[in-house]
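Structure first, then comments.
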Amino acid sequence: SDNASGGGRSGALSPAPLTGDVQKIDVNPPKGTRDFPPEDMRLRNWLFNNFKEVSRLYGFEEVDFPVLESEALFTRKAGEEIKDQLYCFEDRGNRRVALRPELTPSLARLVIQKGKSAPLPLKWFTVGQCWRYERMTRGRRREHYQWNMDIIGVPEVMAEAELISSIVTLFKRIGITESDVGFKVSSRKVLQEVLKCYSIPENLFGKVCVIIDKIEKIPLDEIKKELKASGVSQEAIEELLQVLSLKSLTELEERLGSSGEAVADLKQLFALAEKFGYYEWLQFDASVVRGLAYYTGIVFEGFDREGKLRAICGGGRYDRLFSTFGADDIPACGFGFGDAVIVELLKEKGLLPELGLQIENIVCALDVDLQGAAATVARILRDKGQSVDLVLENKPLKWVFKRASRINAQRLVLVGSSEWQRGMVGVKILSTGEQYEVKLDDLN
Ligand SMILES: OCc1cccc(Br)n1
């Protein structure tokens, strides 16, 4: 290290005299949260740029909302985990607010706010950070970024088919194929049709779905106990659990008959999947209900076929969300695609992209009187759209070459006194070692 006191970071100032009251801060981010240093930020930008490019290909418009929302947006009474883990507090104006745990309620709020000024159908997307306050006993993350795509105002199953198509397109763009992942697809209308036969009140529907979504996470006896406590009869519970084990549309049709909407919707979706070209990616699985109370129809989730990871993405139809905010209902469907499981999958598959830093030029004055000249050279190159790392200090060439290698610069532009007098600069192509002089005007 070349700083006066030795030790510590190279280039750091010699430490200020520590007064008694200065505490060393914890340089780690808050529990459950992440920093994105340059290498991680390059991977995140690569992933998010793929999200945004697919959204553009599908004609979706980007929207955004505050990460902080009124708590009331998320206080649904259906026993959802997302509500139990709400990152909420009272602000200085005594308002109950929350860090958003998901993006759909914000989207619905904005759609209602825009009213007729946003003619239907709307195809909106966003990539946003979502939060949950989970006790760190499980050491899970408290924040993640989600890509959301939503189609508002289309009641037909074509909307769900289009959304799944966009996710297939994303997977293909990053090298994931149907041999790596698939989509489990079902419809909450399956549950609705079963519950209707047992005259379960409508307002219980969301809660029953949330309980059933835990079927692979908690013991079956616990599921039955929670269903019973919610007012579902023993007979209805038995019937529900049998229907949930169905693994083919044929079995479902035999069970529910062919006249119901659940079978019709799912048949339509599989037929469209054929046309969209992703039939092989789908499988019917009656046990898929998803954990958000507001889904009302088709639901789907992307899963890794090796079964090592949590769901990669998930979504579905939510035709009754708007009325829970006091507005007229609007048919809608959408999905969320998180930024964590997909990276775990890419690691598993050896598909993480190589994303080294790439700078075109490193520009350096050979003596301190030429710093201004070096700045001029940097400006000329930047005006031509070239990236330049301008050496800002008076450093020995050995240091410059070391930095050039670290930042993966393509070429070194040296501003030396005799060359500058002749309107020239020195250039060294760092990959080949080729070296030459060039007139400043011809530098490009
Ligand atoms: O997918 C549930 C969820 C919501 C917010 C933050 C995180 Br991490 N996970």
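Indexing begins at 1, ligand by ligand and atom by atom, following the structure's order. Because the structure is predicted, anything quoted here is derived from the model rather than measured. Numbering starts at 1 and runs along the sequence shown.
Checking Arg96, Arg109, Arg100 one by one against Glu69, the salt bridge (charged side-chain N to carboxylate O under 4.0 Å, His left out) holds for a single residue, Arg109.
Geometrically, Arg44 engages Phe36 in a cation-pi contact defined by less than 6.0 Å to the ring centre and at most 45° from the axis.
The single protein non-hydrogen atom nearest to atom 9 (N) of ligand 1 is Arg132 NH1, 3.4 Å, given as residue, atom name and distance. Here the heavy atom of the protein found nearest to atom 1 (O) of ligand 1 is His144 CE1, 3.6 Å. Protein heavy atom nearest atom 6 (C) of ligand 1, with residue, atom name and distance: Cys130 O, 3.5 Å. From the protein, the heavy atom lying nearest to atom 4 (C) of ligand 1 is Pro101 O, 3.4 Å.
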Would you sort out whether Glu193 and Lys196 count as a salt bridge (Lys or Arg N to Asp or Glu O under 4.0 Å), showing the intermediate values?
CA-CA 5 Å; Glu193 289 172 25; Lys196 202 167 57 183; over 6 Å; no
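When non-hydrogen atoms are compared, ligand 1 lies under 4.0 Å from the backbone of Glu143 (N, CA, C, O) but not from its side chain.
Ring-centre distance between Phe89 and Tyr133: not below the 6.0 Å cut-off.
Listed by atom number, the atoms of ligand 1 under 4.0 Å from Arg141 heavy atoms are 8 (Br).
A salt bridge is defined here as a Lys NZ or Arg NE, NH1 or NH2 lying under 4.0 Å from an Asp or Glu carboxylate O, and Asp180 with Arg305 fails to meet this definition.
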